[in-house]
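Residue numbers start from 1 in every chain, and the chains themselves are labelled A, B, ... in the order their sequence lines are given, proteins ahead of strands. Computed from heavy atoms alone, side chains included, the values below leave out hydrogens, waters and symmetry copies.
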Number of protein chains: 2
Amino acid sequence: MVREALAALLGLEGDIDVVAQVARGDEVVAAAQAHEVEVALLDIEMPGLTGIEAAGLLRKARPGTKIVVLTTFGRPGYLRRAMESGADAFLVKDAPASQLAEAVRRVLRGERVIDPTLAAAALAEGANPLTSRERDVLAAAADGSANTDIGKRLHLSEGTVRNYLSAAIQKTGARNRTEAVRIAMEKGWL
Amino acid sequence: MVREALAALLGLEGDIDVVAQVARGDEVVAAAQAHEVEVALLDIEMPGLTGIEAAGLLRKARPGTKIVVLTTFGRPGYLRRAMESGADAFLVKDAPASQLAEAVRRVLRGERVIDPTLAAAALAEGANPLTSRERDVLAAAADGSANTDIGKRLHLSEGTVRNYLSAAIQKTGARNRTEAVRIAMEKGWL
DNA sequence: TCGCAGCCGTGACATCTGTCACGCCTGGTC
DNA sequence: GACCAGGCGTGACAGATGTCACGGCTGCGA
């Protein structure tokens with residue numbers, strides 16, 4: 001519904017044609033190729049592939065296509081990963097609607113569009129301090145699983161899970177796993 | 001942005017006029033009165049007041065105004081509370097866009113519009129089994145606070161917090177507080 | 001009047017979590 | 001070759017968490 005509504009919004013602009021819409025991240029590249037898309041507008045939260053993953057594939061498949069990433073959550077880590085995947089613009093959904101068409105026009109002129117507040121937050125935060133294993137364990141702990149369950153799922157001993165989790169708690173500055181998950185989510189580290 | 005996009009979508013329909021838009025739940029009633037609104041379209045997730053709370057106030061202030069509640073999350077508890085607050089229709093955002101205008105027309109004809117799958121889930125689930133205090137404590141635990149912190153915030157002893165939390169864990173069928181929070185959220189009990 | 005549900009508390013207990021110290025192994029980089 | 005970060009593990013310990021069995025209080029409906 002939101003996608004169709006945004007399409008309607010863009011369709012009202014005289015200089016923009018919405019030539020294709022897909023509901024899943026893994027259909028993005030095929031649709032872009034079939035319709036010779038000039039600008040792709042990608043939501044991060046999508047079934048199949050995330051918008052960030054889809055951006056990476058699309059950049060490889062059609063380097064000339066401009067990419068605008070759109071998201072509900074203005075997490076610095078999202079911005080970072082989107083730009084690393086080759087996005088030309090990064091918008092949050094609670095920005096005014098006028099910015100959407102404006103961003104499409106600007107990326108077509110070769111500009112990059114980023115919310116300056118978010119850019120500052122992303123830079124101030126530094127890179128993701130979690131190691132790959134710490135991320136895995138923290139992500140597995142997010143749903144409330146106990147250490148032994150996490151260990152079984154990741155083929156680790158219960159003590160090792162505790163150690164990784166402890167490290168993640170330290171690095172996030174949290175006081176327990178629940179807080180660590182929340183903080184890592186907010187920063188886009190998961 | 002999403003609100004303006006949905007307004008654009010509805011504006012494309014010949015028989016629907018979008019006469020007002022507000023960004024906050026606590027501005028709904030005033031706007032409805034100022035513009036003699038026939039149908040109000042309310043998102044649940046809003047700053048100020050939730051769409052459900054706003055629906056309750058609007059129903060009291062202008063009983064004739066039809067209310068369509070729109071939400072990202074199809075939680076049975078949301079549906080239940082929305083209907084109790086006097087909503088005439090309940091839509092989830094991942095439904096096809098055509099349902100939106102259709103729902104507006106149908107509530108104007110006096111019909112009620114509810115996704116049958118969601119209605120079944122809400123009925124199958126039964127009422128919220130959590131007592132008021134159990135809800136408070138569970139909500140306070142959601143951000144990862146320790147028992148002592150929750151106790152201070154709610155003016156309870158640490159042992160009492162443990163007891164309520166234990167009861168909430170039993171009733172949700174969870175294995176610890178984190179799972180209990182997740183389950184209660186999914187069912188819309190918080 | 002009685003019973004019951006809900007609210008608030010205590011105490012005791014087993015288990016889970018979080019921290020720390022320590023070990024081993026691997027694949028880089030200097 | 002030496003060093004180091006990261007992955008994986010163990011053992012020990014304090015503190016947090018979850019459960020249970022109690023108690024007292026209030027308000028409400030039978």
Step-by-step side chain to side chain donor-acceptor pair (under 3.5 Å) determination, A:Ser85 to A:Arg59:
CA-CA 8 Å; A:Ser85 296; A:Arg59 164 86 358 164; over 6 Å; no
Assess whether salt bridge (Lys or Arg N to Asp or Glu O under 4.0 Å) is satisfied between B:Asp43 and B:Arg3, documenting all intermediate values.
CA-CA 9 Å; B:Asp43 196 333; B:Arg3 172 171 41 80; over 6 Å; no
Mind running salt bridge (Lys or Arg N to Asp or Glu O under 4.0 Å) on A:Glu38 and A:Lys66 for me, showing each step along the way?
CA-CA 6 Å; A:Glu38 286 181 89; A:Lys66 301 297 182 182; over 6 Å; no
Derivation of the side chain to side chain donor-acceptor pair (under 3.5 Å) call for A:Arg133 and A:Asn163:
CA-CA 11 Å; A:Arg133 234 30 185 154; A:Asn163 286 339; over 6 Å; no
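One atom, CG of A:Asn176, and another, P of C:dT17, lie 11 Å apart when rounded to the nearest Å. In this structure, CD of B:Glu158 is placed 10 Å from P of C:dT10, rounded to the nearest angstrom. Atom P of nucleotide C:dT19 and atom NZ of A:Lys171 are separated by 13 Å, given to the nearest angstrom. As a whole-Å value, the separation of B:Leu165 CG from C:dC7 C1' is 16 Å. Here D:dA5 presents its P atom at 15 Å from OH of A:Tyr164, a figure rounded to the nearest Å. Distance CZ (B:Arg175) to P (D:dT19): 10 Å, rounded to an integer number of Å. In this structure, the CZ atom of A:Arg162 is 13 Å from the C1' atom of D:dG15, given to the nearest Å. Computed from coordinates, the A:Ile169 CD1 to D:dA16 C1' distance equals 12 Å when rounded to whole Å.
Residues B:Lys171 and B:Leu130 are in side-chain contact: their nearest non-hydrogen atoms beyond the backbone lie under 4.5 Å apart.
Base engagement by A:Asn163 is indicated by at least one non-hydrogen atom pair under 4.0 Å involving a base atom. Among the atoms of the strands shown, only primed sugar atoms or phosphate atoms (P, OP1, OP2) are found under 4.0 Å from some heavy atom of A:Arg177.
Listed candidates were C:dG18, C:dT17, D:dG9. Nearest to the side chain of A:Thr160 is D:dG9. With distances taken from any side-chain atom of B:Asn147 to the nucleotides C:dG18, D:dT10, D:dT17, the minimum falls on D:dT17.
With sequence neighbours excluded, no residue forms a salt bridge (Lys or Arg N to Asp or Glu O under 4.0 Å) with B:Arg81.
Distances shown here put a side-chain N or O of A:Ser157 below 4.0 Å from the OP1 or OP2 atom of D:dT10. Regarding contacts with the backbone of C:dC20, a side-chain N or O of A:Gln170 is found under 4.0 angstrom from either OP1 or OP2.
Both A:Val92 and A:Ile67 are assigned to one and the same hydrophobic cluster, defined by single-linkage of ILVMFWY side chains at heavy-atom distances under 4.5 Å. Two different hydrophobic clusters hold A:Leu6 and A:Val28 under the rule that ILVMFWY side chains link at heavy-atom gaps under 4.5 Å.
No donor-acceptor distance shorter than 3.5 angstrom exists from the side chain of B:Asp17 to the backbone of B:Val19, with no hydrogens or angles considered.
Contact check of residues 128-140 of chain A against DNA chain D (heavy atom, cut-off under 4.0 Å) returns A:Thr131, A:Ser132, A:Arg133.
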Give each protein N/O atom lying under 3.5 Å from an N/O atom of nucleotides 25-28 of chain D, with the pair distance.
none

